[in-house]
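Accompanying notes for the structure given below.
One-based numbering, in listed order, for ligands and for the atoms of each. Residue numbers count from 1 along this sequence.
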Amino acid sequence: MTLITRRNLIVLGGAGLVAGCDAVGSSPVGRAVLTRDSDMHHRLQRVIGGRDSLAREYRPEQRSPRFRVNGNANPNTADYNALAAGKFAGWRLKVDGLVARPLSLSLAQLRSLPQRAQITRHDCVEGWSAIGKWQGPQLSKLLDLAGLRDGAQYIVFHCADLMGGSTPYYESIDLIDAFHPQTILAWAMNDAPLPIGHGAPVRLRVERQLGYKHAKFVMRVEAVASLAGIGKGKGGYWEDSSGYEWYAGI
Ligand SMILES: Nc1nc2c(c(=O)[nH]1)N[C@H]1C(S)=C(S)[C@@H](COP(=O)(O)O)O[C@H]1N2
Ligand SMILES: [Mo]
């Protein structure tokens, strides 16, 4: 299976669009193709795929026999270990920030919300892919329960693990992806509770973006107006530390 990179998408999309358009610089698509900034990926992706286009879904027998555990395999902090020892009965997901009704939800409550299951392909920036089944409530359901307040522009996922022992892993997405139907907070993988290595008790699935956006060990979902005050301000651990792009559309 070929990993479709953003670079490929731009080459293919750019060539096709330019060939079919004689006023490249004056159309929105042409401007997107010609603009060499990181925002271009985002806009071009939207122009080609549409805001609500779905990532491909697969049949059960297409699931990968082995799905790699990547990045942190276990937060291994005292707090997390205590929660894991209690099978996450004491875990609560906080939903706060720019919301009308902050939430604190148990795993049982997350499981009792309407669920979505999807079999999708995970593409890591390091060049491997795997197909798995994920289940959980749509993020949109939680955001509707909490009620976004005016000014909310991004949703931030705060994780339990500390990179290098001290820097929290976090990620963020915009509201288009937050309300996308395939954006779920998964507590099950391949019909079993999420294993610790894959992000127990809950991890984000944001199916049209690369693997590093899929925050594991999610503890808190925060609605914000700006990413400036969080971490080093670039919207995610890898964005802050290694220059990974904030919009990692595939
Ligand atoms: N909290 C947290 N989330 C994370 C990571 C991590 O190290 N910590 N690694 C990311 C990367 S780079 C990938 S490819 C996927 C790996 O998910 P998996 O272990 O289920 O394969 O999780 C992402 N989410
Ligand atoms: Mo990754």
The one among R203, H158, K213 that brings a heavy atom closest to atom 22 (O) of ligand 1 = R203
With a 4.5 Å limit on heavy-atom distance, are the side chains of L142 and P137 in contact?
-> yes
Take H158 and I230 through the test side chain to side chain contact (heavy atoms under 4.5 Å, CB included) and record every step on the way to the result.
-> CA-CA 10 Å; H158 298 277; I230 297 155; 4.3 Å; yes
Looking only at heavy atoms of H122, does any of them come nearer than 4.0 Å to an atom of ligand 1?
-> yes
Look at atom 23 (C) of ligand 1 and say which protein heavy atom is nearest, naming residue and atom and giving the distance to 0.1 Å.
-> G211 O, 3.3 Å
Structural part of W128 in contact with ligand 1, heavy atom criterion under 4.0 angstrom | side chain
Does Y237 come within less than 4.0 angstrom of ligand 1, counting non-hydrogen atoms of the residue?
-> no
Heteroatom proximity flag, D161 to ligand 1, N/O under 3.5 Å = yes
Kindly confirm or rule out an N or O of W134 lying under 3.5 angstrom from an N or O of ligand 1.
-> no
Does the separation of the ring centres of F88 and Y80 fall below 6.0 angstrom?
-> yes
Option of least heavy-atom distance to atom 9 (N) of ligand 1 (set: F157, Y169, Y212) | Y169
Which of T120, D191, N190 passes side-chain hydrogen bond (donor to acceptor under 3.5 Å, both in side chains) with K133? It is D191
W246 and Y170 aromatic centres sub-6.0 Å | no
Apply the side-chain hydrogen bond (donor to acceptor under 3.5 Å, both in side chains) test between D177 and each candidate in Q182, K213, R208; give the one that qualifies.
-> R208
Does a side chain donor of either R205 or H122 reach within less than 3.5 Å of an acceptor in the other side chain?
-> yes
Closer than 4.0 angstrom: is that true for some heavy atom of G197 and an atom of ligand 1?
-> yes
